[in-house]
Amino acid sequence: MTKAQEIASDLREKIEAGRLKGGEALPSESKLMSEYGYSRETVRAGVRTLVEEGLVVTGQGQGKYVREDFPPVVWNWTTLESRSRHANAVEGQTAGDQWASAVAEEGGTPRQEVTVSIVQPPPHVRKCLELPDDGLAVARKRVRYVDNRPYALADSYFPQELVTGTPLMEPRDVSAPGGILASIGLIQAVYRDEISVRMPTRQESEQLALPAATPVAEHTRTGYDSDGKPLRCMVTILPGDRHKIRYEVSTD
């Protein structure tokens, strides 16, 4: 190993063993120079390796800190947004927004920041909603927090003509028994899910306060009525360090 790799390896071992804990500051460059007997540039190169790996993050000023662990939110996508879950909702437990309910069931405190606008949707959303080239969509964009820490982005798009004048145009949390779409006579009978894993965009990194080297899952769910007409396309960005996805699949 090079000298920088030696420093990175030793610090990595201390982090993985818990001798340096999440949120704890790394020793200063001067202390690391004294401990390892190497130059400042060599120490910086070793620490930079851990930053690139996502084990260390840069704090205010020049400080470096061990990356904190996020308690994972467990998503059971077998039942999430299911009609039976809505039908059996219990006020204060599973009623209302199903994401918020899932977080609350695990003991977390959910919160969302909501904005609403009329937009020309991204090309993949336009395709999912089967909109013409000049078609517009209502976009409900949410930053989702757990215990006041940003956990996910969820952007829902609806064909404009379907939801104009409904509660979905209100820039706040809205819910209804059976779901908002169902409450206005638009029943989602089938969901189609697409999942990709990628590195985040700069905007996503900033909105979610992502440390370096944090991949995200992009989950696109399109809801269709019984005739196969698309009613909604929701694109959710899930950082890989704070989410666990669970499915139950029948073998029939």
Side-chain angles (χ1 to χ4, degrees), residues 75 77 80-83 86 89 95-103 110-146 148 150-196 198-210 216-239 243:
W75 295 73
W77 280 347
L80 187 68
E81 295 193 311
S82 68
R83 285 199 300 271
H86 273 300
D97 184 277
Q98 295 295 284
W99 170 82
S101 298
V103 171
R111 177 174 68 84
Q112 302 187 99
E113 293 179 353
V114 183
T115 60
V116 178
S117 58
I118 298 174
V119 301
Q120 292 184 330
H124 71 291
V125 173
R126 181 186 304 281
K127 182 178 179 180
C128 289
L129 293 178
E130 299 176 9
L131 293 176
D133 291 343
D134 59 350
L136 297 177
V138 171
R140 289 181 58 83
K141 298 191 175 186
R142 291 156 291 180
V143 181
R144 290 176 154 170
Y145 296 83
V146 177
N148 286 322
Y151 257 67
L153 306 176
D155 298 346
S156 291
Y157 298 87
F158 308 86
Q160 182 185 8
E161 67 275 9
L162 293 183
V163 300
T164 297
T166 73
L168 289 168
M169 301 295 296
E170 300 175 16
R172 62 183 180 89
D173 283 345
V174 292
S175 61
I180 287 291
L181 279 176
S183 73
I184 60 176
L186 300 173
I187 309 297
Q188 296 181 97
V190 176
Y191 294 129
R192 185 185 69 195
D193 285 357
E194 297 178 358
I195 301 170
S196 61
R198 57 174 174 79
M199 297 307 293
T201 65
R202 179 175 180 178
Q203 183 179 14
E204 291 165 348
S205 294
E206 291 174 351
Q207 288 180 292
L208 293 166
L210 297 181
V216 298
E218 180 179 300
H219 172 225
T220 300
R221 168 167 285 187
T222 306
Y224 301 84
D225 67 13
S226 58
D227 295 324
K229 179 182 179 181
L231 304 177
R232 180 198 66 165
C233 179
M234 181 169 70
V235 181
T236 305
I237 304 301
L238 304 167
H243 293 278

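- Distance check, rounded to the nearest 0.5 Å: CZ of Arg140 to CE of Met234 gives 12.0 Å.
- With values rounded to the nearest 0.5 angstrom, Leu231 atom CG is found 12.5 Å from Ser156 atom OG.
- Contact record, Leu131 with Leu136: CD1-O, 4.0 Å, taken as the closest heavy-atom pair.
- Taken from CZ in Arg172 to OG1 in Thr115, the straight-line distance is 15.0 Å, to the nearest 0.5 Å.
- For Phe158, the ring pair (Phe, Tyr, Trp, His ring centres under 6.0 Å) test picks out no residue, with sequence neighbours left out.
- Shortest non-hydrogen contact noted between Ile237 and Glu218 is CD1-CG, 3.8 Å.
- Taking each heavy atom of Asp193 and Arg221 in turn, the nearest pair found is OD1-NE, 2.8 Å.
- Asp225 pairs by the salt bridge (Lys or Arg N to Asp or Glu O under 4.0 Å) definition with nothing, not counting sequence neighbours.
- Counting non-hydrogen atoms of neighbouring residues, nucleotides and ligands closer than 6.0 angstrom, the CD atom of Glu161 exceeds 12 such neighbours.
- Considering all non-hydrogen atoms of both residues, Thr220 and His124 come closest at OG1-CD2, 4.3 Å.
- For Trp77 and His219, the distance between ring centers is under 6.0 angstrom.
- Heavy atoms only, all atoms of each residue included: Pro230 and Cys128 are closest at CB-O, 3.5 Å.
- Pairing each heavy atom of Leu208 with each of Ala152, the nearest pair is CD2-N, 3.5 Å.
- Applying the 6.0 Å contact sphere to CD of Glu113 captures more than 12 heavy atoms from other residues, nucleotides or ligands.
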